[in-house]
K.L.:
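Quick one: this structure, given as structure tokens, is what I'll be asking you about.
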Amino acid sequence: MKNLLAVKDLSIEFDTKAGRKRVVDSISFQVGEGEVLGVLGESGSGKTITTSAVLGLIQGNPGVVNGQILLSTGDETLNLLAGLGDVMTGNKGIEVKNVRRWDRLVSRRMKSVWGSQMTAVFQNPRASLDPLIKVGTQVAESVALAHPDWTATRVRDKALDWLQRVQLNAPERVYVSYAHELSGGMCQRVMVAVALAREPRLLIADEPTTGLDTTVRAEIVKLFASLIDEENRAMMYISHDVREVLYLADRVIVMKDGVILETSTAHDIRHGYGQRAPYTQFLLESAGIFEGDPNA
Amino acid sequence: MLKGQLGLWSSGTIVGIFCLFGFIAPLVDYSAQDAVNQRERQFCPPAFVDATPEQSRSCPKPTGSFFGTDHLGREVGIRLFKGIQAVFFPGCLAAILAIFIGGLLGAVGGYTQGALRAITLGLIRIIDTLPRMVFLILVCTIFRPSITLIAVVAGILSIPTVATVVRVKVERLASEDYILAHIAHGFRPVKILLYHILWLQCRSVLIRQASFIFGYIVFIEAALCYLGDYGVQEPQPSWGNMIAQAKSYALMSTWPWLFPSLAVMVTIAAFMAFGNVIANRDEGAKR
């Protein structure tokens with residue numbers, strides 16, 4: 001399988017009152033075309049900050065300090081962290097980064113990447129939707145960006161189609177609703193529609209089920225499974241829920257304290273093949289999945 | 001609920017009438033020169049007040065002047081009406097100037113980083129240090145006083161207020177989840193800034209500020225006339241110079257200064273209230 005995204009030796013640091021803290025330490029992983037990579041880890045393990053780095057949306061100083069993020073756009077391979085060395089200067093053993101220059105560099109480079117190559121679904125769906133625009137219009141805006149030459153009617157039809165595909169009842173009614181008029185689960189479905197309507201090659205889902213009811217969570221996870229399958233898109237699915245990740249992912253990486261403890265296929269973990277890292281074992285057991293439980 | 005509606009309707013009516021008069025006043029023919037020197041008709045009382053025998057002689061019934069006449073025998077009513085014309089378009093000019101430049105500077109200052117932000121904030125602060133009233137009087141002394149000049153200067157002096165409210169709002173919104181989501185979906189930053197942040201989120205504060213600036217122009221025109229004949233020049237009528245003229249004869253007749261003073265007060269209060277009510281309604285609708 002060809003790699004769509006390859007992250008090599010990614011390190012992320014932040015300055016805190018107690019000095020500089022390394023939150024992600026030289027991690028490497030790949031996402032193949034059409035593959036679902038599950039990122040598993042507890043809160044504070046660095047999984048969300050890793051996705052922000054991939055998306056070029058890290059806020060804070062100094063942020064990414066080392067590594068490569070290679071994205072294959074089909075015709076060429078882009079290094080999303082190219083030029084990182086130029087903005088770093090050594091100073092008394094601690095590297096200083098010209099964050100402003102770096103941000104400018106990143107936003108210029110990511111212009112062609114955001115949306116068409118990759119996009120994201122974040123946790124807290126209601127806050128991810130513009131509160132003052134009808135949700136249908138937001139889906140339509142996304143469609144229009146993916147197909148700039150389409151007519152308004154065609155865009156609208158496609159947006160309605162997307163609302164249908166994310167299994168919302170009464171898409172016409174949802175189309176003219178505002179985010180605050182919808183439930184959390186409905187908002188997340190709309191968010192999935194907005195993200196997928198942009199037709200990205202890689203979808204990054206950052207704990208998309210956090211804060212939703214258990215039943216709604218199951219529905220959202222199933223929705224992801226069916227849509228990703230249909231479209232054959234690559235996805236990074238970040239979650240602290242072992243069952244969700246095992247259900248969706250082809251391959252799983254387990255993160256703790258900013259390092260990757262284990263990389264394995266979901267199949268192996270489900271069936272208990274191979275050697276588990278103790279922490280992975282602990283996660284599995286705390287989710288009530290015991291070794292060699294094929295029903296997991 | 002009722003209170004809010006009452007405020008909206010009362011202030012809205014006054015603002016509406018003011019704007020309507022502002023538009024039609026230039027169409028009404030009133031030669032200020034012709035109206036001067038009808039001294040025999042000076043200080044006629046308003047139609048709803050009984051005239052003294054002395055006044056009855058010089059002001060034959062029907063006087064046709066509902067608001068009475070001033071010290072030159074000119075109709076106060078028509079001058080009140082034409083006085084709106086003097087401040088209406090300058091007020092619009094000042095509001096538009098402050099809203100556009102202030103909104104843009106505020107957005108740039110709140111959204112960008114680095115040198116551009118520093119320059120913008122510095123510019124805003126420099127304008128903010130100028131004391132408005134003193135600066136306006138200074139400008140009027142240096143240049144030939146005209147209401148357009150006053151409006152332009154007052155508009156520029158209002159830029160910091162507008163820019164600051166917009167900047168605070170933009171700074172807060174720039175790190176909101178949905179703005180980040182929009183960026184991740186590949187929306188153009190200019191569109192996010194101008195449409196999603198400035199138009200959708202700052203609309204209500206901009207309306208409020210525009211309304212305030214309009215009220216401020218009415219106030220500043222009256223104040224400058226009163227302080228030293230800097231506002232609209234005679235024989236062009238304006239509320240400010242009507243009060244300024246009538247104050248010399250304040251004890252001889254109450255009416256010539258009472259009506260324009262009331263008009264100034266009510267108009268400023270109405271514009272202030274209208275701006276607040278509209279903005280609060282808009283913000284309430286967002287929740």
Side-chain angles (χ1 to χ4, degrees), chain A residues 51-52 54-60 98-104 106-108 110-133 135 137-139 141-146 178-180 187 190-191 194-200 202-204 206, chain B residues 103 107-122 165-166 168-208 278-287:
Chain A
T51 55
S52 298
V54 172
L55 280 165
L57 288 177
I58 283 196
Q59 294 177 328
N98 187 339
V99 177
R100 235 172 248 160
R101 206 173 129 207
W102 176 242
D103 284 350
R104 252 202 318 275
V106 168
S107 50
R108 202 173 307 143
M110 294 302 280
K111 247 180 221 165
S112 62
V113 175
W114 281 326
S116 57
Q117 298 298 331
M118 57 174 147
T119 186
V121 176
F122 298 106
Q123 42 186 319
N124 198 356
R126 191 167 286 133
S128 304
L129 290 165
D130 192 323
L132 302 181
I133 306 181
V135 294
T137 314
Q138 300 189 46
V139 181
E141 279 182 333
S142 214
V143 174
L145 275 176
Y178 290 93
H180 67 91
C187 281
V190 173
M191 220 32 233
V194 172
L196 286 179
R198 192 65 185 79
E199 299 180 15
L202 172 67
L203 178 69
I204 297 179
D206 183 8
Chain B
V108 170
Y111 200 69
T112 58
Q113 301 276 324
L116 196 58
R117 177 187 157 93
I119 293 170
T120 318
L121 295 191
V165 268
V166 171
V168 170
K169 228 170 154 127
V170 171
E171 270 175 5
R172 190 169 54 76
L173 286 168
S175 54
E176 286 275 322
D177 281 0
Y178 74 90
I179 299 296
L180 289 180
H182 275 104
I183 295 173
H185 292 149
F187 284 82
R188 280 175 37 236
V190 175
K191 192 189 168 188
I192 295 174
L193 183 60
L194 290 184
Y195 180 65
H196 293 272
I197 295 183
L198 214 50
W199 172 243
L200 288 174
Q201 289 282 359
C202 298
R203 204 168 39 186
S204 46
V205 295
L206 289 179
I207 292 171
R208 176 187 282 153
I278 290 286
N280 289 344
R281 252 169 67 103
D282 202 31
E283 265 167 14
K286 279 178 205 162
R287 279 172 209 130

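Within every chain, numbering begins at 1; the chains are lettered A, B, ... in the order of the sequence lines, protein sequences first and strands thereafter. Computed from a predicted structure; not experimentally measured.
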K.L.:
Once you round to the nearest 0.5 Å, how far does CG of A/L132 lie from OH of B/Y178?
P.N.:
6.0 Å
K.L.:
Hey, which of A/V113, A/T119, A/D103 has the most heavy atom pairs under 4.5 Å with chain B?
P.N.:
A/T119
K.L.:
For B/K191, give me all partners under salt bridge (charged side-chain N to carboxylate O under 4.0 Å, His left out), at least two apart in sequence or on another chain.
P.N.:
A/E141
K.L.:
Under a 4.5 Å heavy-atom cutoff, which of A/S112, A/A127, A/A195 has the most pairs with chain B?
P.N.:
A/A127
K.L.:
Chain B heavy atoms under 4.5 Å from A/L129: which part of the residue, side chain, backbone, both or neither?
P.N.:
backbone
K.L.:
What pair of heavy atoms forms the shortest contact from B/F187 to A/S142, and how long is it?
P.N.:
CZ-N, 4.4 Å
K.L.:
Only counting residues at least two apart or in another chain, list the ones meeting side-chain hydrogen bond (donor to acceptor under 3.5 Å, both in side chains) with A/Q138.
P.N.:
none
K.L.:
Tell me, with the steps shown, if A/I133 and B/H196 meet side-chain contact (heavy atoms from CB on, under 4.5 Å).
P.N.:
CA-CA 9 Å; A/I133 306 181; B/H196 293 272; 3.3 Å; yes
K.L.:
Look up atom CD in B/Q201 and atom CG in A/D130, then write down how far apart they are to the nearest 0.5 Å.
P.N.:
6.5 Å
K.L.:
Measuring heavy-atom distances to chain A, does B/I179 have an atom under 4.5 Å in its side chain, in its backbone, in both, or in neither?
P.N.:
neither
K.L.:
What's the separation between atom OG in A/S116 and atom NE2 in B/H185, rounded to the nearest 0.5 Å?
P.N.:
12.5 Å
K.L.:
Which atoms form the tightest heavy-atom contact between B/A181 and A/S128, and what is the distance?
P.N.:
CB-O, 3.8 Å
K.L.:
So how far is it from B/D177 CG to A/Q123 CD, rounded to the nearest 0.5 Å?
P.N.:
8.0 Å
K.L.:
Which atoms of A/M110 are under 4.5 Å from chain B, going by heavy atoms: the side chain, the backbone, both sets, or neither?
P.N.:
neither
